[in-house]
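In what follows, every chain begins at residue 1, and chains take the letters A, B, ... in the order their sequences are listed. Note that the structure is a prediction, hence the values are computed from the model and not measured. Basis for what follows: all heavy atoms, side chains included, without hydrogens, waters or symmetry-related copies.
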2 protein chains.
Amino acid sequence: MSLESDIQQMAKDARQASFTVATLSTDTKNKILNAMANALTEHADAILLENQKDLNAAAQNQLSDALVDRLTLTKERIAGIANALAQLVNLPDPVGAVLSTYKKDNGLVIEKVRVPIGVIGIIFESRPNVTVDVSGLCLKSGNAVILRGGREALHTNLALYHCLNAAGLAAGLPEHAIQFISDTDRAGVKYLSQAAGFVDCIIPRGGERLIESVMEWARVPVIKHYKGLCHTYVHDSADPDMALNIIENAKVQRPGVCNAMETLLIDEKIAPSLLPKIAERLSAADVELRGDEKACAIVPSMKAADEVDWQTEYLDLILSIRIVDGVEAAIDHINHYGSHHSDAIVAADKSTATRFVEAVDSASVYINASTRFTDGGEFGMGAEIGISTDKLHARGPMGLEELCSYKYIVRGTGQVRQ
Amino acid sequence: MSLESDIQQMAKDARQASFTVATLSTDTKNKILNAMANALTEHADAILLENQKDLNAAAQNQLSDALVDRLTLTKERIAGIANALAQLVNLPDPVGAVLSTYKKDNGLVIEKVRVPIGVIGIIFESRPNVTVDVSGLCLKSGNAVILRGGREALHTNLALYHCLNAAGLAAGLPEHAIQFISDTDRAGVKYLSQAAGFVDCIIPRGGERLIESVMEWARVPVIKHYKGLCHTYVHDSADPDMALNIIENAKVQRPGVCNAMETLLIDEKIAPSLLPKIAERLSAADVELRGDEKACAIVPSMKAADEVDWQTEYLDLILSIRIVDGVEAAIDHINHYGSHHSDAIVAADKSTATRFVEAVDSASVYINASTRFTDGGEFGMGAEIGISTDKLHARGPMGLEELCSYKYIVRGTGQVRQ
């Protein structure tokens with residue numbers, strides 16, 4: 001068997017399983033989720049042994065500390081992952097909800113009802129908790145799923161997957177409802193992305209190269225989870241202390257994530273008084289600042305920013321700073337350079353703030369708050385499969401409801417069209 | 001200038017225009033729609049002259065009568081198209097509607113607000129009314145649009161487009177909000193489908209070859225408007241007269257459209273009594289019947305159906321007929337061979353009907369009604385851009401709301417993430 005035919009078979013099996021998963025009762029799904037969560041805790045020692053293999057390889061391959069940290073499991077982390085899975089039991093089942101009803105004069109009743117998408121393919125990089133989160137979210141939303149994780153976490157992912165699947169099957173999970181591609185050959189991503197007719201949706205979570213490969217290959221609809229090049233714009237009506245707190249939080253609290261700020265835009269009227277304070281606060285937090293000409297004139301210790309800086313998601317303690325002559329210039333900069341993920345304005349003036357959130361074409365737009373809030377949990381979804389940077393189907397954080405489609409159920413008494 | 005660079009420029013211009021169209025007021029959009037509708041009526045004679053050029057070419061190229069009919073405009077048809085455009089004024093503006101609100105304990109207010117998708121590319125075949133319908137729907141939903149119509153309707157489409165655009169610009173339509181690709185080289189479809197970053201969504205409406213080409217080329221998300229291989233299943237609990245009426249309507253009333261029935265499935269318990277009556281009724285309407293072995297045993301005058309028949313969208317007065325041993329066999333047949341468009345059950349037994357609509361994985365599922373009702377107007381949307389056969393973003397008829405995405409607007413008072 002070749003990898004191509006293996007993956008085609010997995011896709012066909014998943015399609016077949018999807019019909020069964022789609023009609024599982026809420027009770028059955030919750031029973032399976034609890035069984036899977038318990039199994040993770042019970043088999044924690046065995047999972048840690050497999051995790052150690054990945055960590056040994058990571059040391060040999062001299063992976064960065066940040067990557068090793070993301071890869072590392074502990075008993076506590078496994079308990080946290082199991083707990084997140086068990087929490088899905090408490091979230092409402094999205095399947096079967098009636099989204100709208102339309103009654104026609106001829107007596108037809110047309111219901112728009114939420115149904116699972118069908119078969120989800122998810123392609124992700126190093127974090128092994130994704131294996132568990134995605135399996136649980138897809139099951140609760142009635143979807144079959146095929147997982148394809150990164151090479152550096154393979155032993156851990158397989159241990160987690162086999163543990164989940166065995167416990168799930170024993171509790172009523174349909175065979176092939178959750179599958180894992182254990183061959184990390186990059187061609188597997190291609191075959192999965194091209195399984196049109198069997199896979200309904202590919203969700204790639206990862207770096208620029210991964211996403212671009214998927215877009216190059218895909219024949220299946222894709223919901224991209226792409227980069228976050230997020231901005232904060234400080235209007236001259238901003239409260240300076242509020243601006244300082246929001247800027248520090250958006251840049252410093254967790255610089256390596258997609259909703260952290262990468263570029264600060266400051267109105268030219270407030271820059272002379274505010275920028276020195278910002279520089280002082282961020283320098284104390286070890287942030288490297290790169291400013292345009294006007295910014296460097298105000299804070300001469302700053303490095304000069306160039307065109308590449310406006311296009312860069314640093315994911316690091318680096319911030320580019322540009323001085324703009326009003327909200328329209330800020331909107332233009334963000335719509336041109338941003339990744340349409342999360343962007344904020346700090347302003348007391350309401351009409352300026354309203355103009356900003358209407359005109360900035362991003363999934364999440366903020367008035368007087370940090371961009372760091374873009375997250376399924378923070379947005380009240382309970383759990384998320386990731387943050388979509390696409391505009392179709394789902395935009396921003398994707399929870400259980402966003403893993404669903406809908407169908408129209410039409411009930412009649414013999415009506416025919418005239 | 002090459003066609004490729006022309007289309008890239010159109011896509012960039014559309015992106016720029018989309019920011020302006022997205023924030024037009026409802027009044028302005030309605031004023032433009034009325035101006036465009038009036039202009040169509042005023043310039044009907046000039047449009048008919050251009051339409052005659054396409055009709056002359058159609059005669060030379062010996063196009064089928066059905067195709068010529070779809071291409072033909074008259075004063076009355078133009079008035080109907082203009083009236084449909086003016087009717088969009090009465091539909092609610094989908095943009096800006098608050099879809100949900102979530103208040104956090106920390107005081108943040110998170111609103112999910114409907115916004116336009118941005119730039120829509122629509123690829124369609126012969127019917128010139130699509131030029132007008134799509135322009136109106138995209139404008140009312142706040143999107144910029146690039147149209148690419150078929151070669152055989154080019155003169156008509158350009159006449160309609162220039163009439164609409166001139167009247168629109170005079171009434172406040174932003175430049176480049178509605179553009180038409182006048183070069184019918186097939187490569188244009190490719191360049192448009194690959195304009196990632198500028199075009200947000202491609203909607204192809206047309207035949208199998210068109211859709212497959214777009215899927216092959218696309219780097220932009222696609223919402224396919226594909227074929228309708230629709231089924232009616234008659235359960236043994238069905239009222240025979242109701243079944244006869246629904247079957248006749250679904251097959252005969254307008255056989256060339258996507259929501260017409262192509263395959264009839266009959267339960268083996270009711271087939272011996274019902275099938276002869278069906279054959280009589282449909283033969284009187286000139287329908288050619290092709291049955292499986294069991295069906296031919298009951299009605300020996302029937303042709304034999306083969307595997308290809310179950311896969312064929314005839315769009316003609318032909319019907320394939322298969323006898324099945326219950327609702328599960330019907331569901332399996334439909335999920336395997338169908339195009340997930342529109343499928344119906346005729347049954348008095350409620351639990352069987354419920355099982356059918358839950359398990360059949362189609363955009364529209366009917367109990368005791370004709371599949372011919374799948375249509376934006378019939379579903380209460382007022383107007384439709386087409387019928388999606390995809391499961392992501394929009395499924396089934398697509399109206400103004402389905403031409404929109406959403407964004408999250410988060411309002412704070414200085415909140416930062418802990």
Side chain, backbone, both or neither of B/Ala22 within contact of chain A (heavy atoms, under 4.5 Å): neither

A/Asn259 versus chain B, the contacting section by heavy-atom distance below 4.5 Å: side chain

Backbone N/O of A/Ala218 and side chain of A/Ser193: donor-acceptor pair under 3.5 Å: no

Examine whether an atom of B/Lys391 lies under 4.5 Å from a heavy atom of chain A, and if so say whether it belongs to the side chain, the backbone or both; otherwise answer neither. both

Residue B/Ala344 versus chain A: region with a heavy atom under 4.5 Å: neither

Of all of A/Glu358, A/Arg254, A/Gln253, A/Arg411, which one pairs up most often with chain B through heavy atoms under 4.5 Å apart? A/Gln253

If one checks every heavy atom of B/Asn106 against chain A at 4.5 Å, the contacting part turns out to be side chain

Without swapping roles, check the side chain of A/Arg114 against the backbone of A/Val95 for a donor-acceptor pair under 3.5 Å. no

B/Val220 vs B/Asp200 side-chain heavy atoms within contact, under 4.5 Å: no

Ion pair present between A/Lys407 and B/Asp361, side-chain N to carboxylate O less than 4.0 angstrom? no

Which one of B/Val113, B/Asp375, B/Asp241 has the most heavy-atom pairs closer than 4.5 Å to chain A? B/Asp375

When heavy-atom pairs shorter than 4.5 Å are enumerated against chain A, which of B/Ile223, B/Leu108, B/Val115, B/Val346 gives the highest number? B/Leu108

Relative to chain A, which segment of B/Tyr102 carries a heavy atom at a distance below 4.5 Å: side chain, backbone, both, or neither? side chain

Minimum side-chain heavy-atom gap B/Met398-B/His225 below 4.5 Å: yes

Determine whether a donor-acceptor pair (N or O, by modelled atom type, separation under 3.5 Å) exists between the side chain of A/Gln415 and the backbone of A/Thr413. yes

Is it the backbone or the side chain of B/Ile345 that comes under 4.5 Å from a heavy atom of chain A, or both, or neither? neither

Where does B/Thr20 contact chain A at under 4.5 Å (heavy atoms): side chain, backbone, both or neither? neither

Part of residues 364-374 of chain A lying next to chain B, heavy-atom separation under 4.5 Å: A/Ser364, A/Val365, A/Tyr366, A/Ile367, A/Asn368, A/Ala369, A/Ser370, A/Arg372, A/Phe373

At a heavy-atom separation under 4.5 Å, does B/Asp239 approach chain A through its side chain, its backbone, both, or neither? neither

Heavy-atom distance under 4.5 Å to chain A: side chain of B/Leu392, backbone, both or neither? both

Are the side chains of A/Lys12 and A/Val119 in contact, using a 4.5 Å heavy-atom criterion? no

So which part of B/Gln418 gets closer than 4.5 Å to some heavy atom of chain A, the side chain, the backbone, both or neither? backbone

Is a side-chain N or O of B/Glu401 found less than 3.5 angstrom from the main chain of B/Gly399, in a donor-acceptor match? no

Whether over 12 other heavy atoms sit under 6.0 Å from B/Gln194 CD: yes

Counting a contact as any heavy-atom pair under 4.5 Å apart, which residues of residues 331-341 of chain A contact chain B? A/Asn335

Main-chain N/O of A/Ala348 paired with A/Ser237 side-chain donor or acceptor, under 3.5 Å: yes

Under 4.5 Å from any heavy atom of chain A - which part of B/Val360: backbone

Side chain, backbone, both or neither: which part of B/Asp343 has a non-hydrogen atom closer than 4.5 Å to chain A? neither

Heavy-atom distances under 4.5 Å only: say whether B/Phe19 touches chain A with side chain, backbone, both or neither. side chain

Against chain A, work out which of B/Glu248, B/Met215, B/Arg219 has the most heavy-atom pairs shorter than 4.5 Å and name it. B/Arg219

Could you pull out the closest heavy-atom pair between B/Ser388 and B/Ala394, with the gap in Å? OG-O, 2.6 Å

Hey, does A/Gln16 have a side-chain heavy atom less than 4.5 Å from the side chain of A/Phe198? no

Donor-acceptor pair, side chain of B/Asn143 and main chain of B/Ile117, under 3.5 angstrom: yes

Taking all atoms of both residues into account, what is the closest heavy-atom pair of B/Ala14 and B/Ala144, and its distance? O-CB, 3.6 Å

Pick out which of B/Val410, B/Leu99, B/Thr101 makes a side-chain contact (heavy atoms from CB on, under 4.5 Å) with B/Glu111. B/Thr101

Only one of B/Asp390, B/Val222, B/Val214, B/Ile120 forms a side-chain contact (heavy atoms from CB on, under 4.5 Å) with B/Ile203, so which one is it? B/Ile120

Can you tell me which portion of B/Ile246 sits under 4.5 Å from chain A's heavy atoms? Options are side chain, backbone, both or neither. both

Taking NZ, NE, NH1 and NH2 as the nitrogens, is one of them in A/Arg395 or A/Glu402 under 4.0 Å from a carboxylate oxygen of the other? no

Closest contact, heavy atoms only, A/Cys258 versus A/Cys230: O-SG, 3.3 Å

Minimum side-chain heavy-atom gap B/Lys104-B/Ile110 below 4.5 Å: yes

